[in-house]
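The structure under discussion appears below in the form of structure tokens.
Please read all numbers here as calculations on a predicted model, not as lab measurements.
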Amino acid sequence: MHFVVGRLSSGAAATQAFDADGAAVGDLIRHADDAALAGFVRHSSVVSPAARWVWDDTARWYPRLLRHGVRVARCHDLRLAHAILRLSTLAASSALAKSPHGVWDAAAEVERPPTAHTTLFDVDVDPADDGADVPTDDVDETVAEWRRHLDAVRGSSAPGRLRLLLAAESAGALIAVEMRAAGLPWSVDRHDAVLTEAVGPRPPVGARPARMHDLVLAIRAALDDSTLNPDSPQELLRSLRRSGINASSTSQWELREIEHPVIEPLLEYKKLARLLSANGWSWMEAWIVDGRFRPDYVPGGAATGRWATNGGGALQLPKQVRSAVRADPGWKLVVADAAQLEPRILAALSADTAMAAAGRGTDLYAGIQATGVVETRAHAKVAMLGAMYGATTGESGRLLPRLARAYPRAIALVEDAARTGERGESVTSWLGRSSPLPPPSWFDVQSLASAPDASESDERRARSSAREWGRFTRNFVVQSTAAEWALCWMAELRTALMALPTGTDSDSHGAQASPGPLAGTVFDGRPHQVFFLHDEIVVHTPAPLADAVAEQVRLAAESAGRLLFGAFPVDFPLGAAVVDDYAEAK
DNA sequence: TCCGTGGTACTA
DNA sequence: AAACTAGTACCACGGA
């Protein structure tokens, strides 16, 4: 059963039941308010446990359901699905792909409002409530767009793959909203301790902490520059040169190589300055509310299908502060990451049985080294990364031919992807996500170079931009398929966790809700995902369920491998740990 | 004072 | 000094 969710012209929410072919099997039902809508969803989910909720934007509809205590098992996010179908080469002949760009394409680029100040006071801020007209949630338009999706998938060259991709992408959208609602458990005390340990006690606003102040004095003394501000790269570079240091930049990779008394305090200062400006006390005050970090996750935010985030720098949580991510009392964190995900994905994509075998039951890089293709694990790693990123120089470029001899299928796949991109064509992931085409300016550069009067520099420029795009498409096939695996992993896990019993007895005692940030929410007593970073997840779980959760995490990874690659013999082993804080894991 | 850009550094 | 993929976000700086 499918239920379409949209709005009537009056602004009221409405739902209607459909069969899998898009034929109505029920009447349009108007819901007086969010509570009524949530009640309807709750009831329908009991009657039809396999129901799929079809709506324009999960980020718009799902928070209000969660707020009323209702989770949904499955959805179809029209905005995200549209973006995939628009570009997918598998559905290139569909009406959707051939239609001019419209509101469904614009919606994907719509500004998502939540940033520090709104999230501080309203974590469930609704992008639709900003007063702007958003036509995609009109119920008739929603039904029409969904039917265009059904047509595009049915008429595609691989309906099964696309269906899986759209289901996985939509499951990701549900998870993103749930992670934001639950939040990443964060100990401000521990965070404060990390900062104080590094730089000294928190100073008044505008002042440098004690440790950094001392370092500035040492830097100024070493450079004989009593007013130098080391936060200014321009000033710093001038000062370094006056002291006879011939640096071209102030970046640490370059400074590291220089022998001079200023280098040690300077590198130390830069490290602390980074910590403070990226994740210091003011970050903590802006982003940690009631012991939770709630960034805005953006599924499909990168062209490859990887997620992006807005606010708080959730994609760059430094290892230094991860000890502040702490389970609530009586709870645990289950931290898991997929080991060498991308090369394993490449092995499966290319049906390279030799490479798959190298990773079976072991670290894949160690497995490659063990077959004698290269001398060390480090060489295996740098060569594999180089193959997937398109390295041509250095150690990685030198090792590539040996990799190509041992694993011709895998290397041929990424080389083909690179050549396709260099021609300005698109490449496609395993499940059907296709890369965007280069911008018009790219084609201009190419045609300029093929004109009869093209100069040497025209040709150089064209070659370089062609190779650059080729590196993107080379990596796209691997990174996008890895992102698909991760979505399937999370979706399988979410289903398994929802079926687990609760870990506390607060539910059975009704009014006796457990204290703490989760009391009264849909996550109370239940394991729930709280973080995701490309190939790594964190689940927050009642302690008694932690081992069961860890087992489900492993089973979900196996399921994801089978969902994508069937019986092809490739492993997706995990590193998994049950811990109290994030820094304890690996 | 506001806004865009360059430089830097952190993540997988 | 660039490079070998994908991101976010800070600061300083200079021009409107």
Item to check | Those residues that, when tested against A:R242, pass side chain to side chain donor-acceptor pair (under 3.5 Å) (two or more places apart) | outcome: A:D225
Checklist entry - Rounding to the closest angstrom, what is the interatomic distance between B:dA12 and C:dC4 at atom C1'? => result 15 Å
Next on the checklist: Counting the atoms with a prime plus P, OP1 and OP2 as sugar-phosphate, which does A:G386 contact under 4.0 Å by heavy atoms, base, sugar-phosphate, or nothing?
Outcome noted: nothing
Checklist entry - Base, sugar-phosphate, or nothing: which does A:Q252 touch, judged by heavy atoms less than 4.0 Å apart? => result sugar-phosphate
Checklist entry - For A:P408, what residues pass the side-chain contact (heavy atoms from CB on, under 4.5 Å) criterion, not counting sequence neighbours? => result none
Checklist entry - Contact class for A:S396 (heavy atom, under 4.0 Å): base, sugar-phosphate, or nothing? => result nothing
Checklist entry - Separation of A:R471 atom CZ from C:dA6 atom P, in whole Å? => result 9 Å
Checklist outcome for this item: Which of A:E484, A:Q479, A:R161 passes side chain to side chain donor-acceptor pair (under 3.5 Å) with A:S429? Answer is A:E484
Next on the checklist: Nearest whole Å is fine: how far is C:dT8 P from A:R306 CZ?
Outcome noted: 12 Å
Item to check | Qualifying side-chain hydrogen bond (donor to acceptor under 3.5 Å, both in side chains) pairs, either residue in residues 193-203 of chain A, two or more places apart | outcome: A:R202-A:E285
Checklist entry - Quick check, are the ring centers of A:F565 and A:W485 under 6.0 angstrom apart? => result no
Checklist entry - Using centres under 5.5 Å plus planes under 30 degrees as the test, is A:Y389 stacked with C:dT5? => result yes
Checklist outcome for this item: When rounded to the nearest 0.5 Å, the distance separating CG of A:N229 from CZ of A:R220 is 7.5 Å
Checklist entry - Any ring pair (Phe, Tyr, Trp, His ring centres under 6.0 Å) pairs touching residues 187-218 of chain A, not counting sequence neighbours? => result A:W186-A:H191, A:H191-A:W283
Next on the checklist: Applying the salt bridge (Lys or Arg N to Asp or Glu O under 4.0 Å) criterion to A:D231, which one of A:K270, A:R208, A:R274 satisfies it?
Outcome noted: A:R208
Checklist outcome for this item: A:L413 atom CG is separated from C:dT5 atom C1', nearest whole Å, by 15 Å
Next on the checklist: Contact list please: residues 258-283 of chain A against DNA chain B, heavy atoms, distance less than 4.0 Å, in numerical order.
Outcome noted: A:K270, A:R274
Checklist entry - NA contact type, A:L317, heavy-atom cut-off 4.0 Å: base, sugar-phosphate, or nothing? => result sugar-phosphate
Checklist entry - Rounded to the Å, how far apart are A:E468 CD and C:dA3 P? => result 9 Å
Got a list of protein N/O to nucleotides 13-16 of chain C N/O distances below 3.5 Å?
residue : atom : partner : partner atom : Å
C:dC13  : OP1  : A:S232  : OG           : 2.3

Item to check | side-chain contact (heavy atoms from CB on, under 4.5 Å) partners of A:Y389, counting only residues at least two apart | outcome: A:L385, A:N475
Checklist entry - How would you list, by chain and number, every residue that makes a side-chain contact (heavy atoms from CB on, under 4.5 Å) with A:V445, sequence neighbours excluded? => result A:R461, A:A462, A:S465
Next on the checklist: Under the ring pair (Phe, Tyr, Trp, His ring centres under 6.0 Å) definition, can you give me all pairs with a residue in residues 216-236 of chain A, not counting sequence neighbours?
Outcome noted: none
Checklist entry - Just to confirm, is there a sub-4.0 Å distance from OP1 or OP2 of C:dC4 to any side-chain nitrogen or oxygen of A:T392? => result yes
Checklist entry - Can you tell which of A:E422, A:E468, A:E415 makes a salt bridge (Lys or Arg N to Asp or Glu O under 4.0 Å) with A:R474? => result A:E415
Checklist entry - Is there side-chain contact between A:V194 and A:S323, with heavy atoms separated by less than 4.5 Å? => result yes
Checklist outcome for this item: chain A reaches DNA chain B, atoms under 4.0 Å from its heavy atoms, from B:dT8 to B:dA12
Checklist entry - Starting at the 5' end of DNA chain C and moving along, which residue's nearest nucleotide shows up first, A:A302 or A:E254? => result A:E254
Next on the checklist: Once you apply a heavy-atom cut-off of 4.0 Å, does A:R467 come out as touching a base, just sugar-phosphate, or nothing?
Outcome noted: nothing
Checklist entry - For A:D535 and C:dA6, what is the distance between atoms CG and P respectively, to the nearest whole Å? => result 17 Å
Checklist entry - On DNA chain C, nearest-nucleotide positions of A:V382 versus A:A247: which is more 5'? => result A:A247
Item to check | Length of the line joining A:W287:CH2 and C:dA9:C1', which is rounded to integer Å | outcome: 11 Å
Checklist entry - When you look at CG of A:D444, are more than 12 heavy atoms from neighbouring residues, nucleotides or ligands closer to it than 6.0 Å? => result yes
Checklist entry - Rounded to the nearest Å, what distance is computed from the CE atom of residue A:M384 to the C1' atom of nucleotide C:dT5? => result 13 Å
Checklist entry - Roughly, in whole Å, what's the span from CD in A:E395 to P in C:dA2? => result 22 Å
Checklist entry - Base, sugar-phosphate alone, or nothing: which one does A:G394 contact when heavy atoms must sit under 4.0 Å apart? => result nothing
Checklist outcome for this item: By side-chain contact (heavy atoms from CB on, under 4.5 Å), A:A351 pairs with (sequence neighbours left out) A:R409, A:F568
Checklist entry - Can you list, by residue number, the residues of residues 205-227 of chain A that have a non-hydrogen atom closer than 4.0 angstrom to DNA chain C? => result none
